[in-house]
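Following: one structure in structure tokens, then a few remarks.
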There are 2 protein chains.
Amino acid sequence: MMFESLKKELKKRNINLSYQRLKILEYLAQNQCHPTVDQIYTDIQKSIPTLSKTTVYNTLKKLVEEGLVRVINIEDTESRYDINIEDHGHFKCENCGNIFDFSINMDSLVCNGLDNFRIFDRHVYFKGICPQCS
Amino acid sequence: MMFESLKKELKKRNINLSYQRLKILEYLAQNQCHPTVDQIYTDIQKSIPTLSKTTVYNTLKKLVEEGLVRVINIEDTESRYDINIEDHGHFKCENCGNIFDFSINMDSLVCNGLDNFRIFDRHVYFKGICPQCS
DNA sequence: TATTAAATTGTAATAATTACAAACTTGTAA
DNA sequence: TTACAAGTTTGTAATTATTACAATTTAATA
Ligand SMILES: [Mn+2]
Ligand SMILES: [Mn+2]
Ligand SMILES: [Zn+2]
Ligand SMILES: [Zn+2]
């Protein structure tokens, strides 16, 4: 199970796995549709009625800082979260709002003007209309 | 001057060029550092003291809808605006916060999983540390 | 000029995120 | 086990970016 490796990553970084954090990670692993904070909060709240939205924010912030989760900012209105940190692109359908993954070969991208820039993070996203909405 | 072509574009789309809109376009042309709404508003207010921030929002919204200006959402905290609508990438320095342009060849990017997706917009951005901050 | 439409303005409302302090939980060492 | 410190969660308040809206002003048209 992929959770074992996640747990190891957490331990390595001295983040202990509270019940809330476990549930948030489980949720992200099971819902790789790039959910918003609100979706994560609302859904997990069903099983943890005392959950605070602040905890969701705190946990996600920590996971992002540690590089275990990635934020997707395509619209200014909503941050989305992705537990898949492999290089891949995102396609946002302007009709249904869904964000789809697609595979990219980042090394194939020819770019100039970045000599002496230290790159930590690469993002590619497209916008348009998905097949279902076409 | 590039403004003549911009004016034509506006006329073509039945957007008339008010004084406020002219000043906002001029500002974007002269400040291609990807300014925020607040920067645009604060600077132009010096020459138009009655300017309303709502007007800045309205104008930018319209210009983006018409494809004359592009929004950059790298951080969830700030939308930035770019009058350069040519294909190019953005590099955000995590230290100084500046956003740098770099050239890309979008056609060189190998990607899979987008059959039957209609693509309107392609964005590429990197994050890291710029040479000055290194 | 008179009428209509478009644009601007200021204020109020909305919504996402962060700050903060109190309460609770966990880990550790005597 | 107990006691203390450190870490975590929670709820509320504050902050901030953006949008809604109605009144006023300006521009376009006949
Ligand atoms: Mn993804
Ligand atoms: Mn640019
Ligand atoms: Zn769709
Ligand atoms: Zn820098």
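Here is how names work: the chains are called A, B, and so on, in the same order as the sequence lines, proteins then strands, and each is numbered from 1. All values derive from a computational prediction rather than experimental measurement.
- What separates CG of B:L10 from P of C:dA7 is a distance of 11 Å, to the nearest Å.
- Between B:L22 atom CG and D:dA27 atom P the separation is 13 Å, expressed in whole Å.
- Whole-Å rounding puts the A:K11 NZ to C:dG27 C1' distance at 13 Å.
- Taking atom NZ on B:K61 and atom C1' on D:dA17, their separation rounds to 15 Å, with Å as the unit.
- Salt-bridge formation is detected for the pair A:E78/A:R80: a Lys NZ or Arg NE/NH1/NH2 atom is positioned less than 4.0 Å from an Asp or Glu carboxylate oxygen.
- At least one side-chain nitrogen or oxygen of B:S18 sits closer than 4.0 Å to the OP1 or OP2 atom of C:dT8.
- Out of C:dT8, D:dT10, D:dT8, the shortest distance to the side chain of A:T50 is found at D:dT10.
- Per the geometry, NZ belonging to B:K23 stands 14 Å off P belonging to C:dT8, to the nearest Å.
- The side chain of A:T54 places no N or O atom within less than 4.0 Å of a non-bridging phosphate oxygen (OP1 or OP2) of D:dT9.
- The side chain of A:Y57 approaches C:dT17 more closely than any other nucleotide in the set C:dT9, C:dT8, C:dT17.
- When the nearest nucleotides of DNA chain D are assigned to B:V37 and A:P49 by heavy-atom distance, the more 5′-ward of the two goes with A:P49.
- For the OP1/OP2 pair of D:dT10 and a distance below 4.0 Å, the side-chain nitrogens and oxygens of A:Q20 include at least one atom meeting the criterion.
- In this structure, B:Y41 atom OH and C:dT8 atom P are separated by 14 Å, rounded to whole Å.
- Classification of A:E66 and A:K62 as a salt-bridged pair fails, no side-chain N sitting under 4.0 Å from a carboxylate O.
- Rounded to an integer number of Å, the gap from CD1 of A:I15 to P of C:dT26 is 17 Å.
- Between B:H123 and A:Y125, the ring planes are parallel. Angles under 30° get that label, and only those over 60° would be called perpendicular.
- Per the geometry, NZ belonging to A:K53 stands 14 Å off C1' belonging to D:dT10, to the nearest Å.
- The side chain of B:T55 places no N or O atom within less than 4.0 Å of a non-bridging phosphate oxygen (OP1 or OP2) of C:dA7.
- A ring-centre distance under 6.0 Å is not found for B:F91 and B:F102.
- Heavy-atom nearest nucleotides on DNA chain C were determined for A:N58 and for A:D38, and the one closer to the 5' end corresponds to A:D38.
- With C:dA7, D:dG7, D:dT10 as the candidates, the nucleotide lying closest to the side chain of A:N16 is D:dG7.
- Around CD of A:E86, the count of heavy atoms belonging to other residues, nucleotides or ligands within 6.0 Å does not exceed 12.
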